[in-house]
Amino acid sequence: MTTGHPFAPPAHEQHWVTAASELAREFAKSAAERDRTAELPIENLRALHDSGIDAAFVPVALGGEGLSYRSYGAIVRTLSAACPSTACIWVMHIGAAVGLVEMSTPDTARFWADELVDGARFANALSEPASGNLFLQPLQHAEPAEGGHRLSGAKRFSSGCEVADHFLINALVDGQPAFFGLDLDPTTMTFVPIWDTMGLRASRSQLIEFAGTLLPEDRRCPPSTGPRPNHIGAGLAFLSLGIADAALAALTAHARDRAIPTTGEPLASMQWVRFAVGDIASRLEAAAMYAQHMTWLADQNDTGFLPATMHAKLQANTIARDAADLGVRIGGGSGYTRGDIERAFRDAPAGWLMAYSGEICQDTIGASVLSPTTP
Ligand SMILES: Cc1cc2nc3c(=O)[nH]c(=O)nc-3n(C[C@H](O)[C@H](O)[C@H](O)COP(=O)(O)OP(=O)(O)OC[C@H]3O[C@@H](n4cnc5c(N)ncnc54)[C@H](O)[C@@H]3O)c2cc1C
């Protein structure tokens, strides 16, 4: 995007986006192998921290730079195009850490900010086996105990949980949803290796079992005073945009290289390929522009942010799937064998599944449009 465009990363933050792009180039080299082994990309996550990017997200009042959502979106997209598992874990890490900073009382907020700066790792433990997509409406009760409440139950699909020091977790307290910051407690928490998936394999989004884990009262987040942007809601669209970029790059490389014997010309010169690629590229531009608009709303703390996340995620999830699908058509048998086209095809559906799913976004947007109270 043109420098100086209102949706682009602010000029004084551009160096962070450049730093992330340079790191991403390195991450791309091992992405296929990580996908094969489903090994957690801890070196990539440490490199991101060591670059200073994590600390830059700490609010200005706590000594950080309060990096904008516009820069955040650009960083997530570039990381995801290179290694979507790294990007997924990093979205959850920044989302949990900055979320805890912003939702906590001042002293506790400073503790979380210091932990992030010092290199502690954060994960989200929100989704439950039963609650599924409705992760803000937990179904598991935490029971009163000395020092707080104790949780026995399970959280599912916690990306990067195996290397996390702290968790953003929610549970019902006195029948109402409440957020807590939780330190890893190996005596009551067990990671169950359920994560043998078709895509985003290195995100290792395992199930966590809790056996009477204390959710400490002094780490309980006070009730929210109103809507505010958050990095998970903002990040998921960019996770899919990055996968769409990777799918488009892979199919383009194949279309340029593959000569069709009947014409002697590359596949790229065929009209149906040009039509299809033109359609994908144009829709990707539009989805990206809308997602950048969503981050601009976040930077204004505009109440339009939340509905915009639904539109942005839906468009980005759809274009990722469509680009990956076109990749397999253009790739033919070659695209169906292990490689960049095939990997994007397996990674692409993840964005649609992640909460809120494509169907929930469609349902929410449709209900709003159809509501008799909508002008
Ligand atoms: C790669 C990946 C990483 C993840 N990382 C994390 C993480 O770090 N932390 C975390 O807490 N969670 C994480 N999740 C969980 C994720 O955000 C979702 O909560 C989870 O995928 C929902 O899965 P489910 O099987 O319970 O789906 P379900 O909610 O059972 O959905 C199944 C189907 O029902 C539909 N559906 C469900 N509810 C509704 C509704 N109300 N209206 C219309 N349709 C509906 C869905 O669209 C879907 O088609 C991750 C998931 C993935 C795939």
F157 vs W195 aromatic rings, parallel, tilted or perpendicular, using cut-offs 30° and 60°? perpendicular
Applying the side-chain contact (heavy atoms from CB on, under 4.5 Å) criterion to S80, which one of I243, D245, D347, L241 satisfies it? I243
So, using ring-ring contact (aromatic ring centres under 6.0 Å, His included) as the criterion, who are the partners of [X] when residues are at least two apart?
{"X": "Y69", "value": "H231"}
{"X": "H5", "value": "F7"}
{"X": "F135", "value": "Y356"}

Tell me, do [X] and [Y] make a side-chain contact under 4.5 Å, heavy atoms counted?
{"X": "I260", "Y": "M270", "result": "yes"}
{"X": "L182", "Y": "M189", "result": "yes"}
{"X": "F122", "Y": "F167", "result": "no"}

So, the side chain of [X] versus the backbone of [Y]: is there a donor-acceptor pair under 3.5 Å, distance only?
{"X": "T309", "Y": "L306", "result": "yes"}
{"X": "S158", "Y": "N124", "result": "yes"}
{"X": "Q140", "Y": "A154", "result": "yes"}
{"X": "Q315", "Y": "A312", "result": "no"}
{"X": "K155", "Y": "E128", "result": "no"}

Apply side-chain hydrogen bond (donor to acceptor under 3.5 Å, both in side chains) to W90 and D54, showing your working. CA-CA 9 Å; W90 189 73; D54 289 7; 2.9 Å; yes
Side chains of [X] and [Y] only: does a donor on one sit below 3.5 Å from an acceptor on the other?
{"X": "N317", "Y": "S240", "answer": "yes"}
{"X": "T190", "Y": "E209", "answer": "no"}
{"X": "H149", "Y": "E143", "answer": "no"}
{"X": "T213", "Y": "T188", "answer": "yes"}

Evaluate whether atom CD of E285 has more than 12 neighbouring non-hydrogen atoms of other residues, nucleotides or ligands under 6.0 angstrom away. no
Does CZ belonging to R256 count more than 12 external heavy atoms closer than 6.0 Å? no
Do R34 and E39 sit within salt-bridge range, that is, some charged N less than 4.0 Å from a carboxylate O? yes
Pair D165 + R121: basic N to acidic O under 4.0 Å: no
Within residues 364-375 or reaching into it, pairs that qualify as salt bridge (Lys or Arg N to Asp or Glu O under 4.0 Å) - sequence neighbours excluded: none
Donor-acceptor list for residues 94-105 side chains, cut-off 3.5 Å, not counting sequence neighbours:
from	atom 1	to	atom 2	distance (Å)
S104	OG	L100	O	2.6
S104	OG	W112	NE1	3.3
T105	OG1	T108	OG1	3.1

Got a list of side-chain donor-acceptor pairs under 3.5 Å for residues 215-223, not counting sequence neighbours?
from	atom 1	to	atom 2	distance (Å)
R219	NH1	D183	OD1	3.1
R219	NH1	D183	OD2	3.3

